[in-house]
Amino acid sequence: MTPETFRRHLHRHPELSFREHETSRFIAGQLDALGIENRPVAGTGVLARIPGRGDLRRAVVLRADIDALPLVETADVAWRSENEGVMHACGHDLHAAVLYGVLRRLSAAPDFPGTLFGLFQPGEECNPGGASRVLAEEPFRGYDVAAVVGEHVDPQLETGQLGFRAGKYMASNDELRFTIRGRGGHGALRGQIDDTVSAAADLTLRLTALNDPNRVVSIGRLDAPGATNVIPDEVRMEGTMRTFDETLRDDTRRAVRTCAEQVARQYGVAIITDISPGYPCVTNDARLTRIATELADRLGIPWEPLPLRPTAEDFGFYGQRYPALFYRLGVGAAAGKLHTSTFNPDEGAIACGIGFMHELALRLLTKT
């Protein structure tokens, strides 16, 4: 099976986070057909292993995510999603196709030192993140992991172009939830109510005032089930918090709680604050980034330096334990925006992605 056919099958049959049952069965079956050792990981993931020669304890892990998003696809393609309401709108099908292509190529000629792992990871789009579940199983215990490598499609780069950034790259994320409770009642009888709606509005403004170049706090949902003349007893708010530094992350969590406490006192309401930890920052190892950019230059592959990105990725978990590199693979502007119902990446990027990741894996396995 070609990587393009592999990708189109996944695209036709997308599955949501931690529900990738048919996806993992398909991937395992294709690996079996190539004679590549594999086993389940993190419930609905697949971990492939290709032993080389020499000291097999030295290892490189190549990772691709495999979950899809809850969207109704409207892209006019022959391989359109057949699972209504679910779509590969973030390119995870293409990530998996690239990894499959690399494993196919390496399994045909496993003349390299050490061990190569191919990780088809579930649940990137949903807390607690598939990466955290993979690491909880300690699948690389006993190995000296030289690098964990991942890529992500990028429609802001031309097809086949790469993007790199050393050090801090992507933000951490935490989910924010607030429940504001007080005495509701008639909107005209101000002296007999606690204005939960005004408290929610004030809290929203205080939270968004925390925004600066190194952190983002946004409220995306506010439910106040009242009426034109009814102040509800309870208002609920939900939002997100992003930072580029773990120390700043802790500081911002404290600032969020302080805002809620101040508003509660001012309006005479009770506010329950729930901060649900998400993914850590994605921080790229400087040495691995240098190796990758030098390789791209040697291969004549164009690449661009990447700016800080306030979106989050559970790949950050790997960087907390092992040297890690997360880079971008261009799929062309015509692909449209990520996380939209019309997203349609240029499949020409698959061959480019395979070629570079294959060479990078060999380089990292042989470089001491």
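Index from 1, following the sequence. When reading the values below, keep in mind they use all heavy atoms of this one structure, side chains included, and skip hydrogens, waters and symmetry mates.
- At least one donor-acceptor pair under 3.5 Å links the side chain of Asp67 to the backbone N or O of Glu125.
- In this structure, Phe326 and Tyr169 have tilted ring planes: the angle between them lies in the 30° to 60° band.
- In this pair, Phe26 and His9 present their aromatic rings parallel. The plane angle is below 30°, not in the 30 to 60° band.
- The aromatic rings of His11 and His88 sit tilted relative to each other, their planes meeting at an angle between 30° and 60°.
- Through ILVMFWY side-chain contacts below 4.5 Å, Leu205 is grouped with nothing and stands alone.
- Residues Leu325 and Leu288 approach most closely at CD2-O, 4.0 Å, considering heavy atoms.
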Notebook entry, point to check: Where do Val149 and Leu360 land on the side chain to side chain contact (heavy atoms under 4.5 Å, CB included) test, with the steps shown first?
Noted result: CA-CA 9 Å; Val149 176; Leu360 180 60; 3.9 Å; yes

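- The number of heavy atoms from other shown groups lying within 6.0 Å of CZ (Arg53) is above 12.
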Next item on the list: Give the C-alpha distance, both sets of side-chain angles, the deciding distance and a yes or no for ring pair (Phe, Tyr, Trp, His ring centres under 6.0 Å) between Phe356 and Tyr327.
Entry: CA-CA 11 Å; Phe356 180 74; Tyr327 61 92; 5.4 Å; yes

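- The two residues Glu246 and Cys281 come nearest to each other via the heavy atoms OE2-N, 3.4 Å.
- The aromatic rings of Phe6 and Tyr100 sit parallel to each other, their planes meeting at less than 30°, with 60° as the upper class boundary.
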Next item on the list: Check step by step if ring pair (Phe, Tyr, Trp, His ring centres under 6.0 Å) holds for Phe315 and Tyr279.
Entry: CA-CA 8 Å; Phe315 190 86; Tyr279 309 154; over 10 Å; no

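- Between the side chain of Arg328 and the main chain of Glu151, no donor-acceptor pair closer than 3.5 Å is present.
- No hydrogens or angles considered: a donor-acceptor pair under 3.5 Å links the side chains of Arg242 and Thr240.
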